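The chains referred to below are lettered A, B, ... by the order of the sequence lines, with proteins before strands, and numbering in each begins at 1. Predicted, not measured: the structure shown is a model, and the values here were computed from it.
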There are 2 protein chains.
Amino acid sequence: MSKKEPLCDNIAGEDCGLKKVLNIVGGKWKIMILCVIDKDEVVRYGDLRRAVFGITNTMLANSLKELEETGMVIRKQYDEMPVRVEYSLTDKAKSIIPILLELKRWGEKNL
Amino acid sequence: MSKKEPLCDNIAGEDCGLKKVLNIVGGKWKIMILCVIDKDEVVRYGDLRRAVFGITNTMLANSLKELEETGMVIRKQYDEMPVRVEYSLTDKAKSIIPILLELKRWGEKNL
DNA sequence: CCGCATCCTAAACGATACTG
DNA sequence: CAGTATCGTTTAGGATGCGG
């Protein structure tokens, strides 16, 4: 009998681990956002918008909110004047980075 | 100086290895299709349609065509009557499976 | 400075019917 | 059996302007 670990267990639903991952880091901008924060550790909203070339306020704010809700980034607000907001990665997000790096290397080698 | 390997090298374009990967295995069905073929090694079109619950002819045919064009699956046609078509994974596709499995495990553990 | 609200476009996805 | 063609729907993404 085959002992192969299946890629997806629940072919029908959204509860496959793989699909869950794509749900939270998929889309057009999320990985690039994680990338910038990973690189600089702590990043302000405005710096993020300048670093992620081409992103609009709408998409950056939406993406950051979703990343925060899924426990990937931490939002810290300083009520100065004007206000300052800093984003950083959670431990959870940091733990996925090495796997994404493997995927990146695979892509560079094979595509 | 930081020696950290960047997640994305080209923040602006589509030429980041990570984005390339998502381009070819992203979307709603591609990973599930790869999953089924990986499990059974060689799969006929009709079996694939039954195995990937909820997929339509349109999406299955489109996805398979794209996976073939990106060198992820092999299409072999037998001109019998009625015709028979079998799909299998390329070595390239097989080599990404272990990484996807890691992602899957990460998703199961963290999401 | 850091976003949100609104409206709009484009692309992904889907239903149905039909063909070699 | 293994798809294609056509058309409708839905969702992701984007432009612009306003507000705390």
Side-chain angles (χ1 to χ4, degrees), chain A residues 11-14 16 19-34 36-37 40 42-70 72-88, chain B residues 8 11-14 16 19-34 36-37 40 42-70 73-88:
Chain A
I11 209 76
E14 291 296 313
C16 164
K19 296 181 75 178
K20 287 190 205 170
V21 173
L22 292 186
N23 282 342
I24 67 163
V25 300
K28 186 167 181 181
W29 302 108
K30 300 229 182 78
I31 285 194
M32 295 207 291
I33 292 170
L34 292 178
V36 173
I37 306 181
D40 292 349
V42 175
V43 190
R44 294 183 61 169
Y45 181 90
D47 294 331
L48 215 34
R49 199 183 48 209
R50 278 179 288 276
V52 181
F53 186 80
I55 199 169
T56 61
N57 271 330
T58 311
M59 292 313 294
L60 180 53
N62 286 351
S63 302
L64 283 172
K65 184 175 290 182
E66 289 176 27
L67 287 171
E68 194 190 357
E69 286 167 358
T70 52
M72 299 294 282
V73 308
I74 297 164
R75 178 185 185 278
K76 192 144 179 24
Q77 175 168 342
Y78 300 89
D79 289 326
E80 307 161 348
M81 180 61 75
V83 325
R84 176 165 54 107
V85 178
E86 291 180 346
Y87 290 92
S88 54
Chain B
C8 270
I11 209 76
E14 292 296 314
C16 163
K19 295 181 77 181
K20 287 190 203 170
V21 173
L22 291 185
N23 282 342
I24 68 164
V25 301
K28 187 166 179 181
W29 301 107
K30 298 229 184 77
I31 285 195
M32 294 208 291
I33 292 168
L34 292 178
V36 173
I37 306 181
D40 292 349
V42 175
V43 190
R44 296 184 59 168
Y45 180 92
D47 294 331
L48 215 35
R49 198 182 51 208
R50 278 179 288 275
V52 181
F53 186 82
I55 199 170
T56 61
N57 270 329
T58 310
M59 292 313 294
L60 180 54
N62 286 350
S63 302
L64 283 172
K65 188 174 290 183
E66 289 177 29
L67 287 172
E68 195 190 355
E69 286 168 359
T70 52
V73 308
I74 297 165
R75 180 183 184 277
K76 192 142 181 21
Q77 174 168 342
Y78 300 88
D79 288 327
E80 308 163 348
M81 181 61 74
V83 320
R84 176 165 55 109
V85 177
E86 291 180 345
Y87 290 91
S88 54

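- Atom pair A:R84:CZ and C:dC2:C1' shows a separation of 13 Å (rounding to whole Å applied).
- Regarding A:K30, its NZ atom lies at a distance of 12 Å from the C1' atom of D:dG13, rounded to whole Å.
- With distances taken from any side-chain atom of B:A61 to the nucleotides D:dG3, C:dG3, C:dC1, the minimum falls on D:dG3.
- Side-chain nitrogen and oxygen atoms of A:R75 include at least one within less than 4.0 Å of the OP1 or OP2 phosphate oxygen of C:dG3.
- Summarising the geometry, the separation between CG on B:N23 and P on C:dA12 is reported as 10 Å, rounded to the nearest angstrom.
- Residues B:R75 and B:V85 have side chains in contact (heavy-atom distance under 4.5 Å, counting atoms from C-beta outward).
- Whole-Å rounding puts the B:K65 NZ to D:dA5 C1' distance at 11 Å.
- Distance B:E66 CD to D:dT4 P: 12 Å, rounded to the nearest Å.
- Annotation: of the two residues near DNA chain D, A:G27 and B:E86, the 5′-most nearest-nucleotide partner is B:E86.
- Between B:S63 and B:W29, the shortest heavy-atom contact is OG-CB, 4.1 Å.
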- request: Would you please test B:R50 and B:D47 for salt bridge (charged side-chain N to carboxylate O under 4.0 Å, His left out) and show each step?
  value: CA-CA 5 Å; B:R50 278 179 288 275; B:D47 294 331; 3.1 Å; yes
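- Note on the helix from C:dC1-D:dG20 to C:dG20-D:dC1: angle between the axes of the first and last five pairs equals 50°, rounded to 10 degrees.
- The residue among A:P82 and A:N62 whose nearest nucleotide of DNA chain C lies closer to the 5′ end is A:P82.
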message: Please determine whether side-chain contact (heavy atoms from CB on, under 4.5 Å) holds for the pair A:V25 and A:M72, giving the CA-CA distance in whole Å, both sets of side-chain angles, and the decisive distance to 0.1 Å.
response: CA-CA 9 Å; A:V25 300; A:M72 299 294 282; 4.2 Å; yes
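- Contact of the B:I55 side chain with the B:I33 side chain is registered, since non-hydrogen atoms from C-beta on lie closer than 4.5 Å.
- Considering only the side chain of B:N57, D:dT4 comes nearest among D:dG14, C:dC4, D:dT4.
- In this structure, the CG atom of B:L64 is 16 Å from the C1' atom of C:dC13, given to the nearest Å.
- When only modelled atom types and interatomic distance are considered, A:Y45 and A:N57 share a side-chain donor-acceptor pair under 3.5 Å.
- Summarising the geometry, the separation between CD on A:Q77 and P on D:dG20 is reported as 15 Å, rounded to the nearest angstrom.
- Distances were taken from every side-chain heavy atom of B:T58 (C-beta onward) to each of C:dC1, C:dA15, D:dT4; the shortest belongs to C:dA15.
- If you take CE of A:M81 and C1' of C:dC2, they are 12 Å apart, rounded to a whole angstrom.
- The backbone N or O of B:L67 lies less than 3.5 Å from a partner atom in the side chain of B:T70, making a donor-acceptor pair.
- With DNA chain D read from its 5' end, the first of the two nearest nucleotides for A:V83 and A:G26 is the one closest to A:G26.
- One finds a side-chain N or O of B:K28 lying less than 4.0 angstrom from the OP1 or OP2 phosphate oxygen of C:dG14.
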message: As a quick check of understanding, evaluate side-chain contact (heavy atoms from CB on, under 4.5 Å) for B:L22 and A:L22, giving each step before the final call.
response: CA-CA 9 Å; B:L22 291 185; A:L22 292 186; 4.0 Å; yes
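- OP1 and OP2 of D:dA12 both lie 4.0 Å or more from every side-chain N or O belonging to A:W29.
- Residue B:R44 places no side-chain N or O under 4.0 Å from the OP1 or OP2 atom of D:dC1.
- Remark: the A:T56 side chain and the D:dT16 base include no donor-acceptor N/O pair separated by less than 3.5 Å.
- Phosphate contact (OP1/OP2 of C:dG3, side-chain N/O of A:Y87, threshold under 4.0 Å): present.
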